[in-house]
Amino acid sequence: MGRLSGKVAVITGASQGMGEAHAKAFVAEGAKVILTDINEVAGAALAQALGSDALFVRHDVASAAGWAAVVAAGEARFGPINVLVNNAGIIGPVAKTADIAEADFVHVCAVNQTGVFLGMQAVLPSMLALGGGSIVNISSISGMVANVGTPNLAYAGSKFAVRGMTKQVAVEYGAHNIRANSVHPGYVKTPMMVAATDEDGGGAASAIPLGRFAEADEISPLVVFLASDESSFVTGMEHVIDGGMTAC
Ligand SMILES: NC(=O)c1ccc[n+]([C@@H]2O[C@H](COP(=O)([O-])OP(=O)(O)OC[C@H]3O[C@@H](n4cnc5c(N)ncnc54)[C@H](O)[C@@H]3O)[C@@H](O)[C@H]2O)c1
């Protein structure tokens, strides 16, 4: 029996990067997984490779109608959803606050913040009916501390919002055995990070006590733990996984 046996999980942004790593880890631990993403080609190929315990649904997390379709398709295939991993996110342009275009700010917040809100709202009825569930919201160290080298108010604001919304939901729904936790990775080698930084992340590796960036599959064990019943008394908390970066 896997650590996620009996779990039916939605993982957003699952076509690549950390979402892909989480989807692989979840299936390996016995979960049924609904992978969602706007990247249909890669997501469908990954779901096919993962086999009958995986289903891909094309989905923009900023769309409420899209969320309804994800829940309907997922529950028709696997039954009620009891785990949600809100992983999809974008960086948007790096610029100091005076130079951010309003449209860029709104777009980043729509994906990173509104998407997380819509996801929680979409699965809460299933979790309430089941008598429990686990929500794992992927924030960032940018939801813990300000970013000195690469200013991005929309990213920072939305990632702090994810942390706050997570606590609010944990408090509102704890009595229903629904847990909510946020995960705050530091630098992780994914297509997002590679696109946003040069080879050594603008010298960021030297600011990490472990001296390197994480691999995506080094984040997945924490997400598996938070999704599983092993974390049955863990809720409302931020979990930093950054190689020690914010310790100094
Ligand atoms: N890579 C890092 O260093 C790092 C650090 C801290 C936090 N994070 C966060 O971790 C999460 C995953 O990041 P990653 O590095 O794997 O990124 P990534 O860009 O490699 O993958 C993100 C996935 O999300 C999908 N996506 C983008 N917009 C979407 C939308 N509107 N609806 C649905 N899917 C959408 C993309 O198509 C992509 O497949 C993000 O929330 C990111 O902010 C990343």
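Computed over heavy atoms, backbone and side chain alike; hydrogens, waters and symmetry mates excluded. Whatever order the structure lists ligands and atoms in, that order sets their numbers, starting from 1. Source: prediction; values computed, not measured. For the single chain, residues carry numbers from 1 onward in sequence order.
Checked against a 3.5 angstrom limit, the closest N/O atoms of Val111 and ligand 1 fall outside it. Between Met18 and ligand 1, a contact under 3.5 Å exists for at least one N or O pair.
Ligand 1 places these atoms under 4.0 Å from at least one heavy atom of Gly17: 16 (O), 20 (O). The distance from ligand 1 to the heavy atoms of Pro191 drops below 4.0 Å at these ligand atoms: 20 (O). Ligand-side atoms of ligand 1 in range of Asn87: 11 (C), 12 (C), 40 (C), 41 (O), range being under 4.0 angstrom from any heavy atom. Counting atoms of ligand 1 from 1 in the listed order, those under 4.0 Å from a heavy atom of Lys159 are 40 (C), 41 (O), 42 (C), 43 (O). In summary, the atoms of ligand 1 found under 4.0 Å from a heavy atom of His59, numbered by their order in the structure, are 32 (N), 33 (C). Set against the non-hydrogen atoms of Ile90, the atoms of ligand 1 under 4.0 Å away are 27 (C), 28 (N). Annotation for ligand 1: atoms under 4.0 Å from non-hydrogen atoms of Asp60 are 30 (C), 31 (N), 32 (N). Which parts of ligand 1 touch Met193 is read off a 4.0 Å heavy-atom cut-off, strictly below it: atoms 1 (N), 3 (O).
Atom 29 (C) of ligand 1 has as its closest protein heavy atom Ile38 CD1, 3.7 Å. Closest to atom 32 (N) of ligand 1 among all protein heavy atoms lies Val61 N, 3.0 Å. Looking only at protein heavy atoms, the nearest one to atom 6 (C) of ligand 1 is Pro185 O, 3.2 Å. Ranking protein heavy atoms by distance to atom 7 (C) of ligand 1, first place goes to Ser139 O, 3.2 Å. Here the heavy atom of the protein found nearest to atom 17 (O) of ligand 1 is Met192 CB, 3.2 Å. With hydrogens left out, the protein atom closest to atom 43 (O) of ligand 1 is Tyr155 OH, 2.6 Å, a heavy atom. Among all non-hydrogen protein atoms, the one lying nearest atom 5 (C) of ligand 1 is Gly186 O, 2.9 Å. In terms of protein heavy-atom proximity, atom 24 (O) of ligand 1 is nearest to Gly13 CA, 3.4 Å.
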### Task
Check step by step if side-chain hydrogen bond (donor to acceptor under 3.5 Å, both in side chains) holds for Asp229 and Ser232.
CA-CA 5 Å; Asp229 295 338; Ser232 55; over 6 Å; no
### Task
Test side-chain hydrogen bond (donor to acceptor under 3.5 Å, both in side chains) on Gln16 and Thr190 and set out the steps.
CA-CA 8 Å; Gln16 67 178 34; Thr190 67; over 6 Å; no
### Query
Between His184 and Ser140, does a side-chain hydrogen bond (donor to acceptor under 3.5 Å, both in side chains) hold up when you go through it step by step?
CA-CA 4 Å; His184 300 257; Ser140 167; over 6 Å; no
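The residue Ala42 has no part lying near ligand 1, judged by heavy-atom distances below 4.0 Å. At a heavy-atom distance under 4.0 Å, no atom of Phe213 approaches ligand 1.
Although no hydrogens or angles enter the test, the distance criterion places a donor-acceptor pair under 3.5 Å between the side chain of Arg163 and the main chain of Gly143. Using a distance-only test at 3.5 Å, with no hydrogens or angles considered, no donor-acceptor pair links the side chain of Lys7 to the main chain of Ala31. Of the possible donor and acceptor atoms, none in the side chain of Glu238 sits under 3.5 Å from a partner among the backbone N and O of Ser182. Under a 3.5 Å cut-off, the side chain of Glu75 and the backbone N or O of Ile81 do form a donor-acceptor pair. In this structure a side-chain-to-backbone donor-acceptor pair under 3.5 Å is present from Thr235 to Ala180. At distances below 3.5 Å, at least one donor-acceptor pair connects side-chain atoms of Ser15 with backbone N or O atoms of Gly43. Not a single donor-acceptor pair under 3.5 Å links the side chain of Gln113 to the backbone N or O of Ala110. Between the side chain of Asp242 and the backbone N or O of Pro185, no donor-acceptor pair lies under 3.5 Å.
The closest heavy-atom contact to atom 37 (O) of ligand 1, among the options Ile138, Asp37, Val183, Thr36, comes from Asp37. Nearest-heavy-atom check against atom 15 (O) of ligand 1 across Thr190, Ile141, Val85 picks out Thr190. Comparing Ala14, Gly19, Gly89, Ser140 against atom 22 (C) of ligand 1, the shortest heavy-atom distance belongs to Gly89. Scanning Lys189, Arg58, Gln16 for the heavy atom closest to atom 18 (P) of ligand 1 points to Gln16. Across the listed options Val116, Val188, Leu46, Val188 owns the non-hydrogen atom lying nearest to atom 2 (C) of ligand 1.
Taking all atoms of both residues into account, the shortest heavy-atom contact from Met144 to Val240 is CE-CG2, 3.8 Å.
By the 4.0 Å heavy-atom criterion, Ala216 is excluded from the residues contacting ligand 1. In this structure, Ala110 has no heavy atom closer than 4.0 Å to ligand 1.
A side-chain hydrogen bond (donor to acceptor under 3.5 Å, both in side chains) with Asn137 is found for one member of Asn181, Thr166, Asn87 and no other, namely Thr166. Of the listed residues (Thr12, Asp60, Thr36), just one forms a side chain to side chain contact (heavy atoms under 4.5 Å, CB included) with Trp67, and that residue is Thr12.
Using a 4.5 Å heavy-atom threshold, the side chains of Asn147 and Tyr155 count as separate.
Annotation: Glu172, atom CD; neighbour count of heavy atoms from other residues, nucleotides and ligands within 6.0 Å is above 12.
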